[in-house]
Structure formats: structure tokens, C-alpha cells
Amino acid sequence: KKYLTIDGRQIAIEGERNVLEVARKAGIEIPTFCYHSDLSVYGACRLCLVDIAGRGGVASCSTAPEPGMVVKTSTKQIRAMRKIAVELLLAAHDQSCTTCYKSTSCKLLDLANKLGVTKVRFKPGFERMPLDNSNPSLQRDNNKCILCGDCVRMCQEVQGIGVLDFAGRGSHSRVVPAFGKDLKNVECIYCGQCARICPTGAIIPKNEVSKAWELLDNPEYKTVATIAPAVRVGFGEAFGMPVGTDVTGKITAALKQLGFVAVFDTTFAADLTVVEEAEEFLRRVTAGGTLPQFTSCCPAWVKYAEQFYPELLPNLSSCRSPQAMFGAMAKEMLPKLFDVPREKVKIVSIMPCTAKKFEAQRPEFSRDGDRETEVVLTTQELIQMIKGAGIDFNAIEPEAMDLPLGFKTGAGVIFGVTGGVSEAALRYAYKKLTGKNLANVEFKEVRGDDGYRRAEITIGDNKVRVVVVHSLSNAHKICEEVKAGKADVDLIEVMACPGGCVGGAGQPVYVGMETRKQRAAGLYRVDRNMQLHSSEDNPYVKEAYQNILGTPNSHKAHELLHTHYQS
Ligand code: HC1
Ligand code: SF4
């Protein structure tokens, strides 16, 4: 093995690309704004400066580790240089920290504290720019941008879109959407990954907490909540719980304390999605319909397909997402249950996702101006509401969700992790094609964190070829293959966010893939601990078919559970 020395410790070089990675492996924290292991190296923020014997101060993110190197990460000079760098950033930055959404998770503020910045020695100097509030899911405030370029590289490299870029020179440098347009008028698909990676408050998810309070404060409304699969395993992080802890019962109890008249589960609708989507798939196979079939539950992916691959829209399942199915079913069932007119039932959807805010605003999910899903809150917004209401989340006793829309199977729960939708559909297809119950419900072939995975599953006499992708740069690859007729696949699952919904931009801020892997493990644990693992076994799904929908893919099912795409 080859070694280098960092702060007096011998550390092995084991394939790391740069000195920063070697230091991190050894638990030595070097600050940085612009370095992320899943993005290219930009080397702009200069905070990761270290002292290398014989070379002086160099950026550790862009210096390859060499045997025998002697590195010091925190000399007097290095600390002073970092402090100056932070002060310069602060001088060129809107310092309205007390009212900033990121005040508790801002990397700039955190670093200023850690480096002991008590005053900024440089004259504040930046040209104030207007807030960009045009996007349905995100808000952009250039006055808080520190030009690290994380959002630019995220949108370009991981999502393969390239909505954001640098413009201007020197002190006029800015990060702006293409052609200086608003973020609504470019090809943004609302995934929010730029906001997830932004170290400051320059791009943040739109906040709709006050809208939710307005609904709850109005006694005329029956306001109900529904929570998405991935929310339950990200939520606890904000309250010091281990990553991946399932807090479904506690969230339910907290939502009731906030005043929601009933608490339901989007996972119920995910079970419905499985039945509708798997039936649609089997029909396409037997009737010679358009194949391969793409999943359609991720709204950022749907927008991407509409925008960049209109020729593949016939390949998308016509199923609405579980959120949109939930809205339609709840608006159908709850007015009778509560004995109020349809428009008095208000649905607040709690999602790990920013694109769901956009989805709920799509005109096809409203009737006569009345939205099926009235407000979409991210996991983070619900955390804010619960903290704001003074609820002691750690102490609260878990409660059960309400019936019928709060009942689910494990198949619906795993929708929140990449591969989960495919696995849920395979569980359904197995029973349907063989007439037998699965001895082992876990299709490990479709699990994992690789961005592009292939699996071939044998079900009775049939082989189903599945491709699972996450991150839209991988969606681009499979779309190109399908277009060229070279895909060799029957079913394709696409999730826009790295890791699937567990890695959504509405979840508590995370860095690195370990967090999303632990959230994923949390969802698989929830599935394992449930009584039912196949969506068709959900008794309330069966009841919904008996009382309302008739058979899967029926006329009524199409009216409530399917949609049309726009190119
Ligand atoms: Fe998802 Fe879905 S799994 S898209 O990732 O199909 O957001 O969690 O709610 O709608 O169910 C998100 C999660 C979510 C839908 C479901
Ligand atoms: Fe790009 Fe997604 Fe951000 Fe839009 S939301 S700018 S598509 S990263």
C-alpha cells in the first residue's frame, strides 16, 4: 500500500481521486462549497485549500494524492485564508440570514460560525437582483448565490438538462437560467436537485406552509393529509433520529394535532397504481400494444418526456401518479363520507418532491377550477409546521392512519425507492400470470443504487426484461436506445431524483449517497414488517374496484386514474 501523511497521520491511498477524498475517508473535515463526489471537480470556492510540503497552499479537491505527500489541513495561514474567503463571500451576499429558509442548514453560515467570523472586514458590494418566483416548484434568489456552480453541474451532469449556467464576468458573474430568462420559461422539469445541492438559500423549494394553515384555519373545510412513501423515512432526521427510521405513526399523530380531520397514505394510491399499471402492461403485451412501457409516477420524468421525447409519449403508461390518483379517489369518496360538497374537501399532500407541486397544478388534475390536490408540502415544510406549532415530535405517541385511504401494502411503500415500482409490478404480474402466491416477494434483481440497471425476470413461461434508471441523464440513455430500436426491454422505470423519491429535493438536506441508501433500507424494512406485500391484496383497493371503479382499466378507472400527456 502507498501512504501519504495528513495532519501527522499516515493514511493509505486507495484509489481516491484527490487529497480531499483521502482526508474525508480518514474523518478529517476539509470545508468546501463546490466539491461533491457525484459532480465533476470545479475547484472554484478555494475553501478546501491545504498546505502541501514543498508546494504551499493548493486546492485539495483538484490535487491528486501522491505517496509520501505531507499535508496539513489547518495551519494558521490556511485558516486565515479560509476566513478571508468566507468574508469575501459574505460581503458579496445578501446577509438577511434571520429570515432565510436555509438559516439552519446554510453551509456558508455554518462555516462562518466555525471559522469565527464575527464581522465582515470588506465593504458589502453586490448588485441587488429581483427574486425569481416564476417557477411552480422553486424560488431563486441570486443575491444569495456564491457562484459555487453546484446547481449548474447538477442540472447538466446528473440531470443532463443544462437549464442553468454562468453569465457575465468578474464582479458581474451570475448563475442564471438559459438566455437570462425566468426559471419558468426554460426547460426546467422541477426536480429541485439544484435546490437540494445549493449550499445557501439561492435556490429553494417554494414554500406553501401559509396556504396549508389557511385551509386548517377555515372551519368550513374538511382538510385531510396524505403522506408519500419516502417521507416516512426522511422525516426523523430533522429530530435527531437515525437515518431511515420509520416515523409514519408519529407523523400521523402530529398531523392530527395540527388539525387535519383525517390522515391518509399516498401509498394506498400507489397500490392502485400497481394494479392499473401492471394490467396496462399485460394488456400491451397480449394485445400487441406499444412497448416498452415506461412508468409515469414521477412528475419530473413526465415533464422531461413531454419536453424532450414527445415521440415516446405513447410508451408512457397512461396511469396518473399515486398523488394524482389519490386526489381523484379522495374527491370521489370523501364528500360522501364527510357529507359535504366536493369543493369543501381539501387535500394536502406531503411529498419528498418539489415537482409534485407542479404536478398538482396541472389543469388536468382540477375540476371546474377546484384542484384535486389543493396544496403540496415537502417533507421539510411539514417539519417546519410541526416545529412552528410547538409539537414535541420526539415525545409524540404514534397513531394509526384513517381508513379506507390509509391502508396499504408493502408494495406501495417501496415506490419511494428506485426499483420499487418495478418490483411492485412484478409481484402483481407473478400472481396474475401464474395464479400462485410468491414464496419470496423480494425481487432483489431490480434493487440497488446504480443509475442504470437491467434485469430479466422469469415468471412462469414468460420473461420480463426490465430497465430501472434514476437521474435523467440515465433516462436520456435509455430513451435514445428505445428510439433507435436497440433497447431490448419490456418495462422501464424512471425516477428523476438520484436514488428515487428517498433522494427527493423536499427531504431534509443531505449530501452523499449513504443517506439515501439508508432511507431506502428503511423503506425495505417497512415492507418486510407489513402483513401484505402485494397491491392486489389490499382489501380497500378491492373495495374501491367493487364500489367505484369496476375492473382495472375500466372506463371509470380511466376517468379517475389515468391521464393524457401534452407534447
Ligand atoms: Fe414518490 Fe410516488 S413514490 S413519486 O417517489 O409514485 O414524490 O415517496 O409519493 O405520487 O406513492 C414522490 C415518494 C410518491 C407518487 C407514490
Ligand atoms: Fe435543472 Fe432540476 Fe433545477 Fe430545473 S429543478 S434547474 S431541471 S436541476
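Counting starts at 1 for both ligands and their atoms, in listed order. Count residues from 1 along the sequence. Scope of the values below: all heavy atoms of this structure, side chains included, with no hydrogens, waters or symmetry mates.
For C155, the nearest N, O or S atom to atom 1 (Fe) of ligand 2 falls under 2.8 Å. In summary, no N, O or S atom of C188 is located under 2.8 Å from atom 2 (Fe) of ligand 2.
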Evaluation steps, side chain to side chain contact (heavy atoms under 4.5 Å, CB included), between R525 and D246: CA-CA 9 Å; R525 263 196 311 275; D246 168 30; over 6 Å; no

Audit row: T418, R453, side-chain hydrogen bond (donor to acceptor under 3.5 Å, both in side chains) steps and yes/no: CA-CA 10 Å; T418 167; R453 318 196 284 285; 3.2 Å; yes

Full working for salt bridge (Lys or Arg N to Asp or Glu O under 4.0 Å) between D141 and K102: CA-CA 12 Å; D141 183 354; K102 277 298 223 7; over 6 Å; no

Worked verdict on Q507 versus T379 for side-chain hydrogen bond (donor to acceptor under 3.5 Å, both in side chains): CA-CA 5 Å; Q507 297 275 67; T379 312; 2.7 Å; yes

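Applying the 6.0 Å contact sphere to CZ of R342 captures more than 12 heavy atoms from other residues, nucleotides or ligands.
Counting atoms of ligand 1 from 1 in the listed order, those under 4.0 Å from a heavy atom of K356 are 4 (S), 7 (O), 10 (O), 12 (C), 15 (C). Within ligand 2, the atoms closer than 4.0 Å to a non-hydrogen atom of G192 are 2 (Fe), 5 (S), numbered from 1 in the order shown. Contact atoms of ligand 1 toward C297: 4 (S), 6 (O) (distance under 4.0 Å to a heavy atom of the residue). Residue L138 approaches ligand 2 through these ligand atoms, each under 4.0 Å from one of its heavy atoms: 5 (S). The distance from ligand 1 to the heavy atoms of C501 drops below 4.0 Å at these ligand atoms: 1 (Fe), 3 (S), 4 (S), 5 (O), 7 (O), 8 (O), 12 (C), 13 (C). If you number the atoms of ligand 1 from 1 as listed, the ones under 4.0 Å from a heavy atom of P322 come out as 6 (O), 10 (O), 11 (O), 15 (C), 16 (C). Atoms of ligand 1 found under 4.0 Å from any heavy atom of C353 (numbered from 1 in listed order, with element): 7 (O). Atoms of ligand 2 lying under 4.0 Å from at least one heavy atom of V163, given by number and element, are 6 (S). Within ligand 1, counting atoms from 1 as listed, the ones closer than 4.0 Å to a heavy atom of P229 are 8 (O), 9 (O), 11 (O), 13 (C), 14 (C), 16 (C). Per-residue contacts place S321 under 4.0 angstrom from the following atoms of ligand 1 (heavy atoms of the residue considered): 10 (O). Which parts of ligand 2 touch C191 is read off a 4.0 Å heavy-atom cut-off, strictly below it: atoms 2 (Fe), 5 (S), 8 (S). Ligand 1 places these atoms under 4.0 Å from at least one heavy atom of F415: 3 (S), 6 (O). Annotation for ligand 2: atoms under 4.0 Å from non-hydrogen atoms of C194 are 3 (Fe), 5 (S), 6 (S), 8 (S).
Both the backbone and the side chain of Q323 come within contact range of ligand 1, each with a heavy atom under 4.0 Å. With a 4.0 Å heavy-atom cut-off, ligand 2 is reached by no atom of I203.
Screening K206, K357, K211, K356 for a salt bridge (charged side-chain N to carboxylate O under 4.0 Å, His left out) involving E381 leaves a single residue, K357.
Ligand 1 has P352 within reach: a non-hydrogen atom of the residue lies less than 4.0 Å from it.
Salt-bridge annotation for R320 and E359: absent, with no side-chain N of the basic residue lying under 4.0 Å from a carboxylate O of the acidic one.
Side chain of R519 to backbone of V502: a donor-acceptor contact under 3.5 angstrom is found.
Judged by distance alone, the side chains of Q380 and Y101 do bring a donor and an acceptor atom under 3.5 Å apart. With 3.5 Å as the limit, one finds a donor-acceptor pair spanning the side chains of E276 and N553. With no hydrogens or angles considered, no side-chain donor-acceptor pair links N538 and T409 at under 3.5 Å.
For atom 9 (O) of ligand 1, the closest non-hydrogen atom on the protein side is A228 CB, 3.1 Å.
Using the six-membered ring where Trp is involved, H558 and H562 have ring planes that are parallel, under 30° apart on the 30 and 60° scheme.
Compare T354, L472, I189 by their heavy atoms: the one nearest to atom 7 (S) of ligand 2 is in I189.
Taking 4.5 Å as the limit, some side-chain heavy atom of F415 sits within range of a side-chain heavy atom of T273.
Close N/O approach between A230 and ligand 1 is found [any backbone or side-chain N/O within under 3.5 Å].
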